[in-house]
Amino acid sequence: MSRAIDNVKQCQSMAEVRAGVNALDDILVPLLVERSGYMTQAARVKNDEGLVRDEARIQAIVDRVRPMAEAQGGNPDLMERLYRAMMECYIDYEHQELARLRAAGLAPKDDSAGSAA
Ligand SMILES: O=C(O)C(=O)C[C@]1(C(=O)O)C=C[C@@H](O)C=C1
């Protein structure tokens, strides 16, 4: 099986290093934008500020990506830190998107059953 780490080219200069990084960012940025689109979907489907952060799902994602990173010749601890930091940013964005959707007319979930006041 070919591993991602084996695709890294031996570099003699920082220009080569940065060309390699830029080429990967060209792939990563569209994927991260696409991932952010699912935060908008999640905001609309959950429609509840209290549900945006889901610790069980965060842990499940970490548990999934650590072995994936290892299989690709990467460092699982680094991947976990990247994913946890990235998901914090996406959680902020999901809150932002829920507020935007509410301002645009998304009705808050009916809380009459749970509201005491
Ligand atoms: O799966 C969800 O519930 C999401 O909202 C997505 C996502 C993520 O994958 O970044 C973001 C917030 C949650 O805390 C868990 C995961």
Side-chain angles (χ1 to χ4, degrees):
M1 188 193 78
S2 102
R3 304 176 312 159
I5 200 71
D6 300 323
N7 296 332
V8 177
K9 295 177 189 75
Q10 196 68 33
C11 299
Q12 306 307 330
S13 67
M14 280 311 297
E16 287 175 69
V17 170
R18 289 172 182 172
V21 169
N22 285 351
L24 292 174
D25 287 343
D26 288 347
I27 297 166
L28 271 173
V29 171
L31 292 175
L32 291 171
V33 168
E34 192 173 337
R35 196 181 195 287
S36 77
Y38 284 100
M39 301 308 119
T40 305
Q41 297 300 307
R44 184 176 43 75
V45 171
K46 291 179 183 175
N47 192 10
D48 182 336
E49 287 83 353
L51 296 180
V52 168
R53 176 181 294 276
D54 184 330
E55 293 294 346
R57 175 61 177 156
I58 291 170
Q59 191 58 50
I61 290 174
V62 167
D63 291 345
R64 208 173 89 84
V65 300
R66 283 183 63 95
M68 287 169 64
E70 203 152 21
Q72 295 295 332
N75 180 314
D77 293 336
L78 172 63
M79 197 55 56
E80 175 169 350
R81 286 177 58 205
L82 285 168
Y83 259 79
R84 287 193 185 278
M86 179 182 78
M87 286 190 284
E88 288 304 317
C89 295
Y90 279 126
I91 287 167
D92 285 351
Y93 184 66
E94 199 174 309
H95 278 295
Q96 216 177 292
E97 283 295 88
L98 180 51
R100 183 183 64 77
L101 292 170
R102 286 271 176 73
L106 177 68
K109 259 192 200 160
D110 178 14
D111 71 341
S112 56
S115 161

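Every heavy atom of this structure was used, including side-chain atoms; hydrogens, water molecules and symmetry mates were not. Numbering of ligands and ligand atoms starts at 1, following listing order.
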Verify the neighbour count for atom CZ of R100: are there more than 12 heavy atoms of other residues, nucleotides or ligands below 6.0 Å?
-> yes
More than 12 heavy atoms from other groups under 6.0 Å of CZ on R3 = yes
M87 side chain near V62 side chain, heavy-atom distance below 4.5 Å | yes
Answer whether the closest heavy-atom distance between the side chains of L98 and E49 falls below 4.5 Å.
-> yes
For ligand 1, list the protein residues that place a heavy atom within a distance below 4.0 Å of one of its atoms, sorted by chain and number.
-> R35, M39, A42, K46, V52, R53, D54, R57, I58, I61, M87, Y90, I91, E94
In sequence, state the C-alpha distance, the side-chain angles, and the governing distance for K46 and E94, and then conclude on salt bridge (Lys or Arg N to Asp or Glu O under 4.0 Å).
-> CA-CA 10 Å; K46 291 179 183 175; E94 199 174 309; 3.1 Å; yes
May I ask you to list the residues sharing a hydrophobic cluster with V33, side-chain cutoff 4.5 Å, ordered by chain and number?
-> V29
